[in-house]
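Heads up, the thing below is written out as structure tokens.
If you're wondering where the values come from, they're calculated on a predicted model, not measured in any experiment. Lettering of chains follows the sequences in order, A, B, ..., and the numbering in each one begins at 1. Quick note: numbers below take in every heavy atom, side chains included, and nothing from hydrogens, waters or symmetry partners.
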Amino acid sequence: MRSFIIRRLITSVPVILAIVLVSFVLTRLVPGDPIVALVGDYPVPPEYVEERRQAFGLDQPIYVQTLIYFKNLFLGDFGYSFVNRLPVMDVILQRAANTLLLVVPSQILGSIIAVLLASMAIRRPGGRLDTGLTSLILFVDSIPIFWVGQVFIIVFAVQLGLFPVQGMFNIRSTGSNVILDFLWHWALPGSIVSTFAMVAIARVARVSMIEVSRLDFITTATAKGLNRRRVFFRHILPNAMVPVIAVIGYTFGQALTSSFMIEAVFGWPGIGELFLRSVASRDYPVLQGIFLLTATLVVLSNLLSDVISSQMDPRIEYGR
Amino acid sequence: MAAEKSSRLLQAFKSRKILQFGLALSCVLLFAGIFGPSLLVDRGPNQISQSILAPPSADALFGTDELGRSVLTQIVYGVRTSLVVGLAAAATAMTLGVVMGAISGYFGGRVDTFVSRITETFQVMPTFVLAALVVAMAGTGMLKVIFIIAILAWPQSARVMRAQVMKMKSMEFVDALRCLGIAEHKILWREILPNAIPPVIPVGTLVIGQAILLEASLAFFGLTSPEVASWGRLLTSGQQYFYFAWWLTVFPGLAIVITVLTFNLVGDALNQAFNPRSGDA
């Protein structure tokens with residue numbers, strides 16, 4: 001077991017490196033000059049442009065730039081923000097906790113609701129509830145999440161005045177009120193991120209449960225006289241959960257992206273809000289750092305779900 | 001074989017109201033994208049007027065923004081951007097995916113391992129964050145946005161294509177062609193490719209919707225050219241007027257949802273027609 005985790009951890013390193021390499025090559029491959037993007041359209045002396053280019057090492061060939069970037073990563077140097085000259089990782093890690101406060105509970109809540117809805121829907125495949133769930137999946141897939149945030153603000157915060165428009169806390173709240181105040185601020189952004197997470201997971205949960213319920217041993221279980229409850233909880237659910245656990249890990253990246261966009265709308269002081277600001281100021285080192293952190297979190301969540309799946313399903317071998 | 005496929009498609013088309021509905025809706029969108037702006041010649045998207053932040057009325061159906069520009073006119077101009085980006089990105093992604101998937105599936109071995117590793121890496125990559133990073137770095141522009149969306153989306157069709165070609169290369173008609181002494185690359189491109197493509201089409205259709213959503217998200221974060229009309233940009237500017245003008249937010253968002261939903265409905269219906277088991281299983 002331990003050797004499986006260690007082996008998976010070791011194989012995760014090249015994946016992260018590959019992701020960084022691809023992102024690095026892509027940013028250089030797309031036609032366009034980062035210096036132009038940085039300096040802007042405002043006319044500046046060519047000497048200044050040249051000086052900036054050298055300062056960021058952009059006058060070197062691509063492979064030299066790549067090597068320098070990797071060398072710095074190994075030394076733990078992620079660069080400095082163009083905007084406030086602070087180390088990139090400090091700036092990002094300050095906000096990571098706020099993003100996790102939004103995304104982790106949402107992913108958990110979404111998973112629970114997804115499994116509940118899917119298990120109710122598959123009692124009658126093609127029935128009213130099942131059709132409703134598949135339509136919901138198709139519909140939510142077509143909606144830009146930040147727009148849902150905007151509409152929720154207009155309806156529930158501005159028009160009805162039920163929830164706060166922006167932020168994560170009210171500065172004036174104290175004591176036990178802090179938690180209530182946080183939950184009150186969490187309600188709108190959290191419910192949106194949860195719903196999008198729920199949809200991504202329910203899609204897989206539903207298919208997985210239907211597939212398992214069509215297998216021969218389920219027919220046997222029913223034939224030997226077990227009631228529906230017992231068949232579902234003892235036989236269908238445990239077997240259907242393996243792909244569900246996997247998808248919870250694999251959709252964590254999606255949930256992070258959802259959370260980034262929702263943060264930008266709700267002014268939630270997390271990584272997404274930092275991302276929006278850094279995009280506006282073309283703070284390239286911070287953007288690269290956010291991408292690196294996001295990719296690492298995604299790879300780690302995949303690793304975690306693989307480990308849990310292998311614990312649940314003896315057919316998945318440790319030595320894979 | 002081809003005849004059987006097309007008759008099945010025709011049957012699916014006739015029996016599925018959703019597919020008909022979706023195709024009709026996409027025709028309306030195409031019409032609006034091509035002719036909409038020229039029908040509004042007298043009022044360009046930047047035509048300002050006296051009525052500032054006016055709510056929807058008979059004069060301006062979807063209201064006006066802070067400079068008195070009609071929201072409806074701006075939405076109609078946005079159709080063109082969304083459709084161009086969506087269709088071009090999906091077409092590029094599909095072409096790339098079909099070629100890479102075919103090579104990977106047919107020749108196997110090291111080529112296959114290499115292509116599969118790339119597709120796996122792309123699958124765990126947080127798409128939006130990477131797209132935003134690249135565009136922020138390379139500068140805005142519609143071609144760049146199309147390019148980056150295509151680069152991020154091709155692995156989806158490559159996977160389907162690879163599986164399809166792997167299944168077909170062991171079929172009897174391929175053995176027969178080999179016995180006739182036909183060159184391997186001719187077998188792949190002339191005989192297997194046309195037969196393997198149909199199941200990739202639904203994937204390509206779904207990519208159109210994803211591309212439109214991604215373009216809107218990039219525009220929302222201010223990562224598309226300000227000169228090009230875009231629904232995402234309308235949503236960014238509406239952000240400041242939550243208290244006074246809900247129409248600046250609601251209508252452009254609805255336009256995105258309807259357009260993306262149209263392509264998703266068509267893609268989903270095509271998927272059920274081409275791969276009957278995947279939809280309901």
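In plain terms, the two heavy atoms of A/Pro144 and B/Leu213 that are nearest each other are N-CD2, 3.6 Å.
For B/Leu130, the parts lying near chain A are the backbone and the side chain together; criterion is any non-hydrogen pair under 4.5 Å. Only the side chain of A/Ile153 comes within contact range of chain B, with heavy atoms under 4.5 Å apart. Of the two parts of A/Val148, neither the backbone nor the side chain holds a non-hydrogen atom closer than 4.5 Å to a non-hydrogen atom of chain B. Only the side chain of A/Phe146 comes within less than 4.5 Å of a heavy atom of chain B; its backbone N, CA, C and O stay farther away. With a threshold of 4.5 angstrom between heavy atoms, A/Phe139 approaches chain B through its backbone and through its side chain. Interface residue B/Asn264: backbone and side-chain heavy atoms are both found under 4.5 Å from chain A. Looking at A/Asp141, both its backbone and its side chain come within 4.5 Å of chain B, counting heavy atoms on both sides. A/Ile154 touches chain B through its side chain: at least one heavy atom from C-beta onward sits under 4.5 Å away, while N, CA, C and O do not. Contact of B/Leu254 with chain A is made through backbone and side chain together, with heavy-atom distances under 4.5 Å. For chain B, the nearby parts of A/Ala18 are the backbone and the side chain; heavy atoms of each come within less than 4.5 Å.
Crowding of A/Leu9 atom CG: a count of heavy atoms from other residues, nucleotides or ligands under 6.0 Å exceeding 12. Dense packing is recorded around CZ of A/Arg95, with more than 12 heavy atoms of other residues, nucleotides or ligands lying under 6.0 Å away.
In terms of heavy-atom pairs under 4.5 angstrom with chain B, the leader among A/Ile19, A/Val151, A/Thr257, A/Asn302 is A/Ile19.
Inter-residue side-chain proximity for A/Phe275 and B/Phe128 is flagged as met; some heavy-atom pair is nearer than 4.5 Å. Inter-residue side-chain proximity for B/Trp246 and A/Val158 is flagged as unmet; no heavy-atom pair is nearer than 4.5 Å.
Atoms OH and CD, on B/Tyr243 and A/Gln159 in that order, are 10.5 Å from each other to the nearest 0.5 Å. Atom CZ of B/Phe220 and atom CE of A/Met261 lie 9.0 Å apart (nearest 0.5 Å).
Of the residues listed (B/Leu265, B/Thr262, B/Ile258, B/Leu261), the one engaging A/Ser142 in a side chain to side chain contact (heavy atoms under 4.5 Å, CB included) is B/Leu261, and it is the only one.
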